[in-house]
Novice: 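Below is a structure I'd like to ask you about.
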2 protein chains.
Amino acid sequence: MRSTPAEDATTRSRIRGAAITLFARDGFVATSVRSIAEEAGVSAGLVIHHFGSKEKLRAECDAWIVAELMKNKGGVDEGNLSASMQVMLSDLDQYRPTLDYLGRMLLDGSEAGDRLLDDLVKLTETMLEEGVANGVMQSTSDPYMRAVLVTLHGVMPIVLQRQFARMLGEPGLTSTMIRRMTLPSLELYTHGLYRDATMLDAAREALKGNE
Amino acid sequence: MRSTPAEDATTRSRIRGAAITLFARDGFVATSVRSIAEEAGVSAGLVIHHFGSKEKLRAECDAWIVAELMKNKGGVDEGNLSASMQVMLSDLDQYRPTLDYLGRMLLDGSEAGDRLLDDLVKLTETMLEEGVANGVMQSTSDPYMRAVLVTLHGVMPIVLQRQFARMLGEPGLTSTMIRRMTLPSLELYTHGLYRDATMLDAAREALKGNE
DNA sequence: CAGTATACTAAACACTCGTTCAATCGAGAG
DNA sequence: CTCTCGATTGAACGAGTGTTTAGTATACTG
């Protein structure tokens, strides 16, 4: 007997979990209510009974995932999520469904996914600003654009995880993948790719021309 | 009167074009044969009559897009496509459907998309190797992984174009976007993000530990 | 000219979809 | 005990799906 009436009991949360798994794996449109029901071991009618509609179920999954992403904050800042991401990537097995679902949210362009990504960019932007102020990071001609790029580069392994994993011969998002990409990523972020500014200067000239 | 019987006449190619547009915009599962037919101004039955099934139509769209991507080769190498990409990004209005569809292919994990990405990575890898040999690019501890990263960073604006465009206030893949991301990208690839190797060295130590 | 193959449409088919509904089960309240 | 109410199911509904089929028009072939 819980305090609130329609609490997260066993069945309701099991349905939500099944939905998250299938939405993440197959996408929203390709997932049927009946398949969710089967995965959760209940009837299709019960899914609707609990959540009203497939769309509302999706909204609740979105909300649940966002909450999950915000949960593991570092304790230092407020509802931080870049620290949360760190935690999740180091404890992959537990958070894989959450991360898979996050990838879908960013692609489908759902309202929740959009806001989440905006937050991530904002967080990255301040982090980069502080880095520049502290003298540990390079400055840039376009701080916002750089923040967008760094953020999207960061979520890329989650969004493109199928391709990423396939090319590395891994079954999905594994810690082996994360570990292997760490050094090359940091090499790029430390030394860059080009050894001189030839390409950069050329682009600067070209852009000065047709602007 | 064409030489071959079932040649790319007007109707057939119009259906294919409509399919490419809708598959790219809404995805394969969310696109109905009837909506393709309507977009092409024909009946649903005719779509099947010409292509056999929705799945075969998809395969033909995939093949057509791959051919289109390979078409604009620089003339120097063989069936090159990194040069092709350059051409397309500079003539966006014409190739937007092709690029949109490419983004879908990479996400859906279709066979054609997988091979295309593999080719892109291979091309990138040789390009990076030559860059290192010529002394214009930095060396790396993991050439293949770096090639994968650089490639995926490259296709990211196409794959995540919806988010990318939204955050820049653009309606879609525009030349304004491409132009604005050019400098920050090259800055990252030239100077990197960090001004010293503190993070990189720390990662090296950490990885040496738990390997 | 007749004959035939092809482009094309409208209707129907079999199926799946999300959702609704009536009925049943089980536990807590009085 | 009865009564009630939420959980749960299975069947049904209407809409939409990909595909099939019968039929018509059109254009090339002999």
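Here the structure is a predicted model, which means the values were calculated and not measured. Every chain is numbered from 1, with letters handed out A, B, ... down the list of sequences.
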Novice: Closest approach to the side chain of A/R34, judged atom by atom: which nucleotide of D/dT19, C/dC8, C/dC17 is it?
Specialist: C/dC17
Novice: Mind checking A/S35 for me? I need base, sugar-phosphate or nothing, with any heavy atom below 4.0 Å counting as a touch.
Specialist: nothing
Novice: To the nearest Å, how far apart are A/D26 CG and C/dC17 P?
Specialist: 12 Å
Novice: Rounded to whole Å, please give me the gap between CZ in A/R14 and P in D/dA7.
Specialist: 13 Å
Novice: Could you state the atom-to-atom distance from CZ of B/F28 to C1' of D/dG18 in whole Å?
Specialist: 10 Å
Novice: Rounded to whole angstroms, how far apart are CD1 on B/I36 and P on C/dC8?
Specialist: 16 Å
Novice: Under 3.5 Å, is there a donor-acceptor pair between the side chain of A/R166 and the main chain of B/D114?
Specialist: yes
Novice: Kindly point out which of D/dA7, C/dC8, C/dT20 is positioned nearest to the side chain of A/L46?
Specialist: D/dA7
Novice: Could you give the CD1-to-C1' distance, from A/I48 to D/dA11, as a whole number of Å?
Specialist: 16 Å
Novice: It should be established whether B/T11 places a side-chain nitrogen or oxygen under 4.0 Å from OP1 or OP2 of nucleotide C/dC8.
Specialist: yes
Novice: Find the distance A/E55:CD to C/dT19:P and express it as a whole number of Å.
Specialist: 9 Å
Novice: On the six-membered ring of B/F23, is B/R104 placed so that its NZ or CZ lies under 6.0 angstrom from the centre and within 45° of the ring axis?
Specialist: no
Novice: Examine distances only and state if a side-chain atom of B/K54 and a backbone atom of B/F28 form a donor-acceptor pair shorter than 3.5 Å.
Specialist: yes
Novice: With respect to the side chain of B/S32, which nucleotide from D/dG18, D/dT9, C/dC8 is positioned closest?
Specialist: D/dG18
Novice: Provide, to the nearest angstrom, the distance between the CD atom belonging to B/E38 and the C1' atom belonging to D/dT17.
Specialist: 15 Å
Novice: Salt-bridge test for B/R34 and B/E38: reply yes if a basic N is under 4.0 Å from a carboxylate O, no otherwise.
Specialist: no
Novice: Is it true that B/R12 and B/E60 have a side-chain N and a carboxylate O under 4.0 angstrom from each other?
Specialist: yes
Novice: Could you tell me how far apart B/H50 (NE2) and C/dA5 (C1') are, to the nearest whole angstrom?
Specialist: 14 Å
Novice: Counting side-chain heavy atoms from C-beta on, which of D/dT19, C/dG18, D/dT8 comes nearest to A/V33?
Specialist: C/dG18
Novice: Just call it for A/S43: base, sugar-phosphate, or nothing, with non-hydrogen atoms closer than 4.0 Å on any strand.
Specialist: base
Novice: Under 4.0 Å, heavy atoms only, any strand: does A/H49 hit a base, just the sugar-phosphate, or nothing?
Specialist: base
